[in-house]
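Data block below; observations after.
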Amino acid sequence: MTATDLATTSTSAPVEPSPALPFAPRALRSPLVPSGFTRCGLLSWRRQSGALLIAHPFDERSISDAVVVDGLVALVEAGVLAGQAQFESAATGIIRTAADTPADAWPAFYDNSLRELSTGACAFAPVHRRARSLIAGRSVLEVGSCFGFFALACALDGLEVSACDISPGAVSLLSLAARRVGLPVVATVGNATALPYADDSADTVTLIHLLEHLDPAGARTALGEALRVARKRVVVGVPFEDKPSPHFGHLVRLTEDDLYDWARSVPHAGAEILVDHGGWLILTPEP
């Protein structure tokens, strides 16, 4: 899933509507469907004074990225939730209320999500598995790291890991998660179209489920930046969707043809294209 500025998630304050989202969804934990709420998949909901209330059953044992996404996608498909801002606000609220305090909820969210990815118990696990198989060398930079599950998994593999994301809140959450488990992940706020890294500073640069968030010009610029920073390989992974998912912040629908177009649009020393739970473009930087 994506993340905007989640900087407030390390506090114990409830999720409050922002000026840009005057009726932000509010989340509450309830093992049963509360009176007046409508059940929708894993979640239930009601509207009150113009605000959307979402009830969820998740606690420290069950909260994870997969269950949050699955639950919220059902609300999107039912027409209850719309747009990236509402989706992300609802996700943050659910995670924060899965334990007595956000300080307890976030570690549980990370631990459970990483376990599901490592055991293959969630739908995104094959994407992680393929991406990890394509890494060349000992150092990796994940661009667009969001919560940083992939960066943490690479660090657990013994790799030297850096990560960057445009969201300061996401970078803060990843840094806290890495420190908690003693993993040396160096996370930085950065834009994929202007990476804050020196030339040839990482063996592999990954852009996993990132380019669908950019317009065509931005995607080409991001590829050029990744090739500038990578010594050995750039790994790009994208979803193939029937239409872009606005609740995930996707701007464009991508196909295998787009991978070929990208390979033709940037200078490189070699390109390989794979189809496996979406599409993959593997580029070798020029010497």
Side-chain angles (χ1 to χ4, degrees), residues 1-6 20 82-88 127 130-131 134 140-148 150-151 162-171 187-287:
M1 65 188 292
T2 57
T4 51
D5 191 350
L6 305 177
Q84 183 180 5
Q86 280 199 346
F87 193 94
E88 293 184 356
V127 176
R130 171 60 74 177
L134 295 172
V140 59
L141 165 64
E142 183 188 13
V143 180
S145 53
C146 190
F147 289 125
F150 183 72
S162 299
C164 74
D165 195 275
I166 200 168
S167 163
V171 169
T188 303
V189 177
N191 192 314
T193 62
L195 292 175
Y197 299 95
D199 296 358
D200 304 320
S201 55
D203 289 333
T204 295
V205 176
T206 68
L207 299 89
I208 303 166
H209 285 215
L210 171 65
L211 296 188
E212 65 273 17
H213 296 267
L214 305 178
D215 61 27
R220 288 191 295 272
T221 301
L223 285 171
E225 277 291 274
L227 284 163
R228 175 183 65 80
V229 174
R231 285 189 290 263
K232 296 184 177 182
R233 182 172 289 179
V234 170
V235 176
V236 176
V238 297
F240 288 161
E241 302 174 291
D242 293 332
K243 58 182 180 179
S245 300
H247 50 284
F248 289 140
H250 297 177
L251 299 182
V252 292
R253 173 182 177 270
L254 298 173
T255 69
E256 193 172 353
D257 290 340
D258 292 290
L259 302 179
Y260 284 100
D261 288 343
W262 287 337
R264 289 189 289 265
S265 71
V266 292
H268 56 79
E272 181 182 1
I273 290 172
L274 303 172
V275 175
D276 176 22
H277 293 83
W280 298 89
L281 172 63
I282 303 97
L283 297 172
T284 301
E286 292 181 322

Gap between atom CG of L251 and atom CG of L211 - 0.5 Å precision: 11.0 Å
Can you list everything that forms a side-chain hydrogen bond (donor to acceptor under 3.5 Å, both in side chains) with E241? Sequence neighbours excluded, please. S245, H250
What's the spacing between D199 CG and R231 CZ if we round to 0.5 Å? 11.5 Å
Check whether R253 reaches the backbone of D242 with its side chain - one donor and one acceptor, N or O, closer than 3.5 Å. yes
In the structure I gave you, are the side-chain heavy atoms of E212 and P244 within less than 4.5 Å of one another anywhere? no
So which pairs with a foot in residues 260-280 pass salt bridge (charged side-chain N to carboxylate O under 4.0 Å, His left out), sequence neighbours left out? R130-D276, D261-R264
Which of T255, L281, I273 passes side-chain contact (heavy atoms from CB on, under 4.5 Å) with Y260? It is I273
Quick one: are L134 and T206 in side-chain contact, heavy atoms under 4.5 Å? no
Identify the two heavy atoms, one from W280 and one from V127, that lie closest to each other, and give their separation to 0.1 Å. CH2-O, 3.5 Å
With rounding to the nearest 0.5 angstrom, report the CG to CG distance, N191 to D165. 9.5 Å
Quick one: which of V143, V205, L141 gives a side-chain contact (heavy atoms from CB on, under 4.5 Å) with Y197? L141
Would you say T188 and S162 make side-chain contact, with heavy atoms under 4.5 Å? no
D200: what forms a side-chain hydrogen bond (donor to acceptor under 3.5 Å, both in side chains) with it, not counting sequence neighbours? none
Using 30° and 60° as the class boundaries, would you call the ring planes of F248 and F87 parallel, tilted or perpendicular? perpendicular
